[in-house]
Amino acid sequence: MEVLFLPGDGIGPEITAATRTILEKLNRSMSLGLCFSQEDVGFSSLEKHGATITPDLIKRVRNTDMTVLGPVDTAHYPPAEQGGINPSAALRINLDLYANVRPSRTINGLSARTPAMDLVIVRENTEGFYADRTMFAGTGEVMPTEDLALAMRKVTRKGSYRVAAFAAKLAAKRRKHLTIVHKANVLKLSDGLFLAEARKAAAQQDGLTVRDEHVDAMASLLIRTPDAFDVIVTTNMFGDILSNEAAELAGGLGLSGSLNVGDQNAIAQASHGSAPDIAGQDIANPVSLLLSTVLLLDWKGTQTGRNDLQDAAIKLETAIIKTLKNPDTRTRDLGGHLSCSDFGKAVTDTL
């Protein structure tokens, strides 16, 4: 079974290298039978191939068992016609990775802005207001005159139902509580469709408690009563905003994993950016990518019926949390003194 690493830009190569070292150790100790490979994406791919991601790489990822993607610096890419394609968006669209899974959980001993949070936000990943995924050709934004800009939102019955079905199944495995977040009181057609399909999907799971909240109320409730929520499902832009809010409340994006999931493929990707200002200094925190890899191992184990991969996910997560709880084995951003590579070694030693 192959694990493909795509280091990306900025701190991506550093945190990807730490993740690979740890995963190789886990592979040896548990005899998982994994093999590892690496390909260029981002600026390194632009330099070699003239594009930040190529059709051949997309095909490679499609046919690979598991993929770990480092952060990419899309803000500094050239225009798409000059090869500056958003790799994350290209993979989500071409592989139909319709669910972005974003857990947020406080860790005892680490600073957090909320005392108790253990929830998962499932964000629809292929539709919504984002201009790069609403049209077959062209984008979802137009500017008819120099004084007028218009954005179009895409919400489909199929897209809404399938992401809600995914979230409902996840809730059934956890604490059996699902919250649907929307703004159907104002966006009566688009969010009305999403809400109706989400309720329909949730009804297929026995024993679920289902509630719905307006997105503005939800932003407040994450601060006021975070322990009241288990799995939250919402549309693309709302989920993007709320998942970052939840991650920050639970300790920061550096402690938040992220998995992009479709019916056939999944990609682990850090929830934070490429941090070019600290690239190459070996001071980045690799925890987000490590926790994303935990999600990836668990997903692949579930998909293939391999209990050893699910056990590996639990073992890796346990080692990460144990390492974080020790003040002497934290990275500098968490008040410790370890470098990125030294933190990787600390997790490896814990394993």
Side-chain angles (χ1 to χ4, degrees), residues 3-23 36-54 57-58 60-61 66-80 82-92 97 100 102 125 130 132 240 243-244 247-248 251-260 267-296 320 324 330-334 336-347:
V3 182
L4 174 63
F5 287 91
L6 306 176
D9 304 314
I11 61 172
E14 298 160 63
I15 63 175
T16 303
T19 301
R20 179 168 178 170
T21 297
I22 295 166
L23 202 53
F36 303 93
S37 59
Q38 182 170 307
E39 296 286 352
D40 289 300
V41 75
F43 280 116
S44 61
S45 176
L46 183 66
E47 182 177 349
K48 289 184 180 180
H49 307 297
T52 49
I53 188 168
T54 65
L57 181 57
I58 294 173
R60 175 82 191 281
V61 173
M66 291 182 278
T67 300
V68 179
L69 174 63
V72 288
D73 191 10
T74 56
H76 293 100
Y77 287 173
Q82 297 176 24
I85 302 162
N86 183 336
S88 299
L91 289 168
R92 292 174 185 181
L97 306 178
N100 180 213
R102 293 283 301 274
N125 221 10
Y130 285 11
D132 62 352
D240 197 3
S243 59
N244 275 25
E248 187 62 29
L253 287 172
L255 300 175
S256 173
S258 176
L259 189 70
N260 295 298
I267 297 177
Q269 184 176 12
S271 60
H272 55 72
S274 62
D277 55 318
I278 61 169
Q281 301 178 44
D282 196 26
I283 60 174
N285 179 352
V287 170
S288 177
L289 192 60
L290 285 169
L291 290 176
S292 302
T293 304
V294 168
L295 297 172
L296 181 63
I320 296 166
L324 286 171
R330 295 175 187 166
T331 49
R332 298 176 191 180
D333 59 306
L334 299 175
H337 64 276
L338 294 190
S339 66
C340 177
S341 55
D342 285 339
F343 182 85
K345 293 174 185 175
V347 175

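When a residue number appears, it is its place in the shown sequence, counting from 1.
- Scanning all heavy atoms of the two residues, the minimum distance from G84 to T52 falls at C-OG1, 3.7 Å.
- Looking only at distances, a side-chain donor or acceptor of D9 sits under 3.5 Å from a matching main-chain atom of D73.
- Remark: side-chain polar atoms of S45 are paired, donor with acceptor, to backbone N or O of A51 under 3.5 angstrom.
- Between the NZ atom of K48 and the OG1 atom of T54 there is a distance of 11.5 Å, given to the nearest 0.5 Å.
- In this structure, the side chain of E14 does not engage the main chain of S341 through any donor-acceptor pair within 3.5 Å.
- For the pair L23/V3, a side-chain contact is recorded, criterion being any heavy-atom separation below 4.5 Å from C-beta on.
- Formation of a donor-acceptor pair under 3.5 Å by the T331 side chain with backbone atoms of I283 is not found in this model.
- A donor-acceptor contact shorter than 3.5 Å is absent between the side chain of S258 and the backbone of S292.
- Nearest approach of L46 to G83, heavy atoms of both residues: CD1-O, 3.8 Å.
- S271 OG to L291 CG: the interatomic distance, rounded to the nearest 0.5 Å, is 9.0 Å.
- Once rounded to the nearest 0.5 Å, the distance linking CZ of R60 with CD1 of I53 reads 12.5 Å.
- Counting non-hydrogen atoms of neighbouring residues, nucleotides and ligands closer than 6.0 angstrom, the CD atom of Q281 exceeds 12 such neighbours.
- Contact detail for T74 and P87: the closest heavy-atom pair is CG2-CD, 4.2 Å.
- Side-chain contact check for N125 versus N260: some heavy-atom pair is nearer than 4.5 Å.
- Between A284 and C340, the shortest heavy-atom distance links the atoms O-CB, 3.1 Å.
- Note: T16 OG1 to I11 CD1 = 9.0 Å, rounded to the nearest 0.5 Å.
- For N86 and D132, the side-chain atoms include no donor-acceptor pair closer than 3.5 Å.
- Here the CD atom belonging to E248 is positioned 12.0 Å from the OG atom belonging to S243, to the nearest 0.5 angstrom.
- In this structure, the side chains of Y77 and V72 come closer than 4.5 Å at one or more pairs of heavy atoms.
- Looking at heavy atoms from C-beta onward, F343 lies out of side-chain contact with L334 at the 4.5 angstrom threshold.
- With no hydrogens or angles considered, a side-chain donor-acceptor pair links R102 and N244 at under 3.5 Å.
- Screening D333, L253, L324, I278 for a side chain to side chain contact (heavy atoms under 4.5 Å, CB included) with N285, the sole residue that qualifies is D333.
- Counting only heavy atoms from C-beta outward, the side chains of L6 and I267 never approach each other to under 4.5 Å.
- With rounding to the nearest 0.5 Å, the separation of CD1 in I15 from CG in D282 is 12.0 Å.
- The closest donor-acceptor contact from the side chain of T19 to the backbone of L289 lies at 3.5 Å or more, if one exists at all.
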